[in-house]
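Okay, structure first, notes after.
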Amino acid sequence: RQGRGRGPAGSPGGGGAPQAPAPNPTPFPAPGVYIVDRPGAPQTTILLGMPTIDPSHPDYVPLSVTNALLGGSFMSRITKNIREDKGYTYSPFSQVSSRYRDAYWAQNADVTTKDTGASLKEIFLEIDRLQAEPPSAEELKGVQNYLAGTFVLQNSSRAGIIAQLSYLDFHGLPMTYLTEFVQRVHAVTPAKVQEIAQKYIADDKAIIVLVGDRKVIEEQVKDFGTIK
């Protein structure tokens, strides 16, 4: 969509006539469990996600904070649970993956085959726990400091700055998105994190994709939705 060093056509820095807005994508209509069979696999790759808000939404920065606390950082709750406490996986992570006027939240993990169902149970437990109770101010502050520090490091080089400007252009965001980002991160309250989890990480709408040994994992995951 973008040429090197240029924005999309019709935008500042781009070339050509303005283009009609691209239609919003339609979310996959049926939550459920989709298994890609990989006979004999010692691990199951879990991808659990749902559609969510894109960067143009005013709640996107609070969602980024919530994601970092839930599963998107090494200090996150899901990582502590299924990696450090349970030992089901080594490098789980969640992300808010943005597209043009669209985004999804997803939790990724490669887990031991025999622990596939248990891993899903703990992931949903952490989502439900955050929806039911706000985090402590201390836990939130650690995540905010991490996000703010990462943001500053990302913008410490010319390549990083160019990437950020391209991001603004692509999503139609004002320059204040960058200049106020750290301030907005630190403005997120524990109550706001709980609200964001309730509104935008809707586990009842989750699509679960599993790549693993179907004959071993199907029985483990039957309670998490209709198996496709």
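Numbers for residues simply follow the sequence, beginning at 1.
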Quick check: is Phe93 connected to Leu125 through a chain of hydrophobic side chains (ILVMFWY, heavy atoms under 4.5 Å apart)? no
What class does the angle between the rings of Phe124 and Phe224 fall in, given that below 30° is parallel, 30 to 60° is tilted and above 60° is perpendicular? parallel
Considering all heavy atoms, the nearest Ser76-Ala68 contact: CB-O, 3.4 Å
When hydrophobic residues are tied together by side-chain contacts of less than 4.5 Å, even through go-betweens, does Met75 share a cluster with Ile127? yes
For atom NZ of Lys86, is the number of surrounding heavy atoms from other residues, nucleotides or ligands below 6.0 Å larger than 12? yes
What is the minimum heavy-atom distance between Ile82 and Ala109, and which atoms define it? CD1-CB, 4.3 Å
Knowing that exactly one of Ile78, Ile46, Leu70, Ile201 qualifies, which makes a side chain to side chain contact (heavy atoms under 4.5 Å, CB included) with Gln107? Ile78
Can you tell if the side chain of Ile123 reaches within under 4.5 Å of the side chain of Asp203, non-hydrogen atoms only? no
side-chain hydrogen bond (donor to acceptor under 3.5 Å, both in side chains), that's the test. Do Ser98 and Asp54 meet it? Break it down for me. CA-CA 6 Å; Ser98 60; Asp54 69 85; over 6 Å; no
Which residue is it: Asp110, Thr116, Asn108? I am looking for the one with a side chain to side chain donor-acceptor pair (under 3.5 Å) to Thr45. Asp110
Donor-acceptor pair, side chain of Gln154 and main chain of Gly160, under 3.5 angstrom: no
Considering all heavy atoms, the nearest Leu47-Ala106 contact: CD1-CB, 3.8 Å
Leu147 side, atom CG; Ser73 side, atom OG - distance, nearest 0.5 Å: 7.5 Å
Applying salt bridge (Lys or Arg N to Asp or Glu O under 4.0 Å), can you list everything that pairs with Glu180, at least two apart in sequence or on another chain? none
Say whether Leu63 and Phe181 are linked into one hydrophobic cluster, either directly or through other cluster members, by side-chain heavy-atom distances under 4.5 angstrom. yes
Salt-bridge present (Lys215, Glu218; N to O < 4.0 Å): no
Quick one: does Thr44's side chain have a donor or acceptor within less than 3.5 Å of a partner on Val111's backbone? no
If you define the side chain from C-beta out and look only at heavy atoms, does anything of Arg158 sit under 4.5 Å from Ile161? no
If you compare all heavy atoms of Ala41 against all heavy atoms of Gly212, which two are closest, and at what distance to 0.1 Å? CB-CA, 4.3 Å
For a 4.5 angstrom cut-off between non-hydrogen side-chain atoms, does Pro134 reach Val193? no
Under the 3.5 angstrom rule, does the side chain of Ser97 hit a backbone N or O of Tyr104 as a donor-acceptor pair? no
Heavy-atom count check: over 12 atoms from other residues, nucleotides or ligands less than 6.0 Å from Arg38 CZ? no
Would you give the length of the straight line joining atom CG of Leu69 to atom OG of Ser64, rounded to the nearest 0.5 angstrom? 12.5 Å
Determine the minimum heavy-atom distance between Ile227 and Lys222, stating which atoms define it. CD1-CA, 3.8 Å
Check: Ala132 main-chain N/O paired with Gln194 side-chain donor or acceptor under 3.5 Å: yes
Run the salt-bridge test on Asp59 and Lys192 with the 4.0 Å N-O cut-off and return the result as yes or no. yes
Which residue, Asn67, Thr66, Thr52, forms the side chain to side chain donor-acceptor pair (under 3.5 Å) with Trp105? Asn67
Dump the intermediate steps for side chain to side chain contact (heavy atoms under 4.5 Å, CB included) on Val182 and Gln144, then the final yes or no. CA-CA 9 Å; Val182 171; Gln144 289 168 321; over 6 Å; no
Applying a strict under-4.5 Å side-chain criterion to I, L, V, M, F, W and Y, I'd like to know whether Leu168 and Val96 cluster together. yes
Between the side chain of Thr113 and the main-chain N/O of Gln43, is any donor-acceptor distance below 3.5 Å? yes
Work out which heavy atom in Ala148 is nearest to a heavy atom in His186; give both atom names and the distance. CB-NE2, 3.7 Å
Could you tell me the separation between the OG1 atom of Thr89 and the CG atom of Asp115, rounded to the nearest 0.5 Å? 10.0 Å
To the nearest 0.5 Å, how far apart are CD in Glu133 and CG in Leu130? 9.5 Å
Give, for atom CG of Leu48 and atom CD1 of Ile207, the distance between the pair rounded to the nearest 0.5 Å. 9.5 Å
Is it true that Glu138 and Lys141 make a salt bridge, defined as a side-chain N closer than 4.0 Å to a carboxylate O? no
Take Val61 and Tyr177, measure what side chain to side chain contact (heavy atoms under 4.5 Å, CB included) needs, and give me the verdict at the end. CA-CA 9 Å; Val61 171; Tyr177 184 89; 4.1 Å; yes
Grouping I, L, V, M, F, W and Y whenever their side-chain heavy atoms are under 4.5 Å apart, do Phe151 and Met175 come out in a common cluster? yes
Output yes when Glu139 and Arg77 qualify as a salt bridge under the 4.0 Å nitrogen-oxygen rule, no when they do not. yes
In terms of relative ring orientation, are Tyr200 and His57 parallel, tilted or perpendicular, with 30° and 60° separating the classes? perpendicular
Strictly under 6.0 Å, is that where the ring centroids of His171 and Tyr60 end up? no
Test side chain to side chain contact (heavy atoms under 4.5 Å, CB included) on Val221 and Leu210 and set out the steps. CA-CA 10 Å; Val221 303; Leu210 306 172; 3.7 Å; yes
Check whether Tyr90 forms a cation-pi arrangement with Arg83 (NZ or CZ under 6.0 Å from the six-membered ring centre, at most 45° off the ring normal). yes
Sub-3.5 Å donor-acceptor pair from the side chain of Thr150 to the main-chain atoms of Tyr146, do we have one? yes
State the CG-OG1 distance between Asp85 and Thr79, to the nearest 0.5 angstrom. 11.0 Å
